[in-house]
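What follows is a single structure, written as structure tokens, with notes after it.
A quick note: this is a predicted structure, and the numbers were derived from the prediction, not measured. Letters A, B, ... are given to chains in the order of the sequence lines, protein chains preceding strands, and every chain is numbered from 1.
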Protein chains: 2
Amino acid sequence: MARRSDHSRDEIKAMAIAAAAAILARRGVQALSARQVAKDIGYTVGTLYLVFKNLDELILHVNAATLDELAQLLREELHRHVEPQPALRALAQRYWEFAQQQHARWSLLFTHQLAVNAKPPAWFATKVRQLFAMVEEPLQQLHATQSSHERALVVRALWGGVHGVCALALSDKLRWGEEVATPELLDSLVTNFLHGLLQG
Amino acid sequence: MARRSDHSRDEIKAMAIAAAAAILARRGVQALSARQVAKDIGYTVGTLYLVFKNLDELILHVNAATLDELAQLLREELHRHVEPQPALRALAQRYWEFAQQQHARWSLLFTHQLAVNAKPPAWFATKVRQLFAMVEEPLQQLHATQSSHERALVVRALWGGVHGVCALALSDKLRWGEEVATPELLDSLVTNFLHGLLQG
DNA sequence: ACCTGAACACCGTTCAAGT
DNA sequence: ACCTGAACACCGTTCAAGT
């Protein structure tokens, strides 16, 4: 058992977030529990509640880390491209890659509902916004939007769409009749949407 | 307490499915448990396990009922339209309406992961397919697809997209910076996708 | 001051025992 | 034959008690 003062509050926090992410990656969302996280970092479950208000708050921080990692991946992908259309298609593929490889962590971003009253903190919304900024950049280059409202509309519609194709693919809801590979679906969605946008 | 032979196996099944759907509609997914369902139908929790293999199987049937209801709503909407493009836009709006009004039941369709090995039964995949058939019909009318593969591709890309916009909107992930109403997002997605498809 | 460990009110699931 | 109710192995969360 870890003795007192072995770790600072912030160290315990970071250890717990890392342990939770590892559980999600290795054993899935079903295996994530406060007791298991506590065990993995060598403290009792009570200690977790000295450092986090509750399990929801721990998950919020896990999700924040996931958003950061995902934004980093998309940023790297974005910098590999000059032309906006190939960039957007590649970002969609990268998003799918992450969703597939980190299924549990990715889906927890969207399935984790905070308590009915609670709104996510501002710093969390900022991280979400930073993710969308990766998509906004090539969209701006296309010069297809006039107003700021139109830009807000287009980035949300396109990325909402990409997200949905990935979500349905991972939930196995697209596997009936003819099989279609997800990368091809994403390419169809992005390409057709952008064509429509540029010609409308 | 209900006495033996008060209800047949099938009656108990139907009561349990209805009770579970009611819990989801009134109190959300957090409130759904085998014990609560049993209480609501006047049996003990043990009886539930005589009739369902486990809670996952009960949820599978709840989801089947949700798919039927949703397909019925979309079918009614579809029959109100003659022109394919307005029909597809209206179907997207109807999907959003249902997702919003029946948040817990709708999201359970996608968040409920069966055990790692288990594939959903064929009758469940059939219900999913019937849902997509509502979208396939107006898409066929557009005569924009050549092969059956292309039709399979387009229906999945478009409806995956619509699904994703609804999913992100309900998970509050689109609420930063400028506010954009979801119906407007869906219209942008469907309209641009179809324009791109018809002109590509 | 920091952490434990037991307690409380819940879970899903099983199954001997009752009617 | 049908159903119960207690048991088991888990949960999240709290908090008096220990060092």
Within residues 45-53 of chain A: residues closer than 4.0 Å to DNA chain C (heavy atoms):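 The stretch gives A/Gly46, A/Thr47, A/Leu50 as the residues lying under 4.0 Å from the strand, ordered by number.
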Closest non-hydrogen atom pair between A/Ile41 and A/Ala19, with its separation: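 Heavy atoms of A/Ile41 and A/Ala19 come nearest at CG2-CB, 3.7 Å.
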Within one Ile-Leu-Val-Met-Phe-Trp-Tyr cluster: A/Phe132 and A/Trp123, side-chain cutoff 4.5 Å: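 Same cluster: A/Phe132 reaches A/Trp123 through Ile, Leu, Val, Met, Phe, Trp or Tyr contacts under 4.5 Å.
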Find the distance [X]:[atom1] to [N]:[atom2] and express it as a whole number of Å.
X	N	atom1	atom2	answer
A/Glu57	D/dG12	CD	C1'	15 Å
A/Gln36	D/dA9	CD	P	17 Å
A/Asp6	C/dA1	CG	P	19 Å
B/His7	D/dC2	NE2	C1'	14 Å
A/Arg35	D/dT14	CZ	P	13 Å
B/Met15	D/dC3	CE	C1'	13 Å
A/Lys39	C/dG5	NZ	P	14 Å
B/Gln30	D/dT13	CD	C1'	14 Å

Would you mind writing out the side-chain donor-acceptor pairs for residues 86-101 of chain B within the sub-3.5 Å range, not counting sequence neighbours?
from    : atom 1 : to       : atom 2 : distance (Å)
B/Gln93 : NE2    : B/Pro183 : O      : 3.0
B/Arg94 : NE     : B/Glu77  : OE1    : 3.1
B/Arg94 : NH1    : B/Glu97  : OE1    : 2.6
B/Tyr95 : OH     : B/Trp106 : NE1    : 3.4
B/Tyr95 : OH     : B/His163 : ND1    : 3.0
B/Trp96 : NE1    : B/Gln100 : OE1    : 3.3

Between NE2 on residue A/His61 and NZ on residue A/Lys13, distance to nearest 0.5 Å: 4.5 Å
Atom pair CG (A/Leu170) and CZ (B/Phe110), whose distance is rounded to the nearest 0.5 Å: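 Going from the CG atom of A/Leu170 to the CZ atom of B/Phe110 covers 13.0 Å.
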OP1 or OP2 of C/dC3 under 4.0 Å from side-chain N/O of A/Thr44: no
Salt bridge present between A/Glu69 and A/Arg105 (N-O < 4.0 angstrom):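 Yes, this pair counts.
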Side chain of A/Ile12 (C-beta onward), nearest among C/dC3, C/dT13, C/dC11: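 Nearest listed nucleotide: C/dC3.
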A/Arg35 vs A/Lys39 side-chain heavy atoms within contact, under 4.5 Å: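 No. Closest side-chain heavy atoms not under 4.5 Å.
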Flag side-chain contact, heavy atom, 4.5 Å: B/Leu189 against A/Leu158: no
Dot-bracket line, read 5' to 3' along DNA chain C, where crossing pairs take [ ] and | marks a partner on another strand, Watson-Crick or G-U under 3.5 Å: ||.|||||...|||||.||
Atom CZ of B/Arg80 with >12 non-hydrogen neighbours under 6.0 angstrom: yes
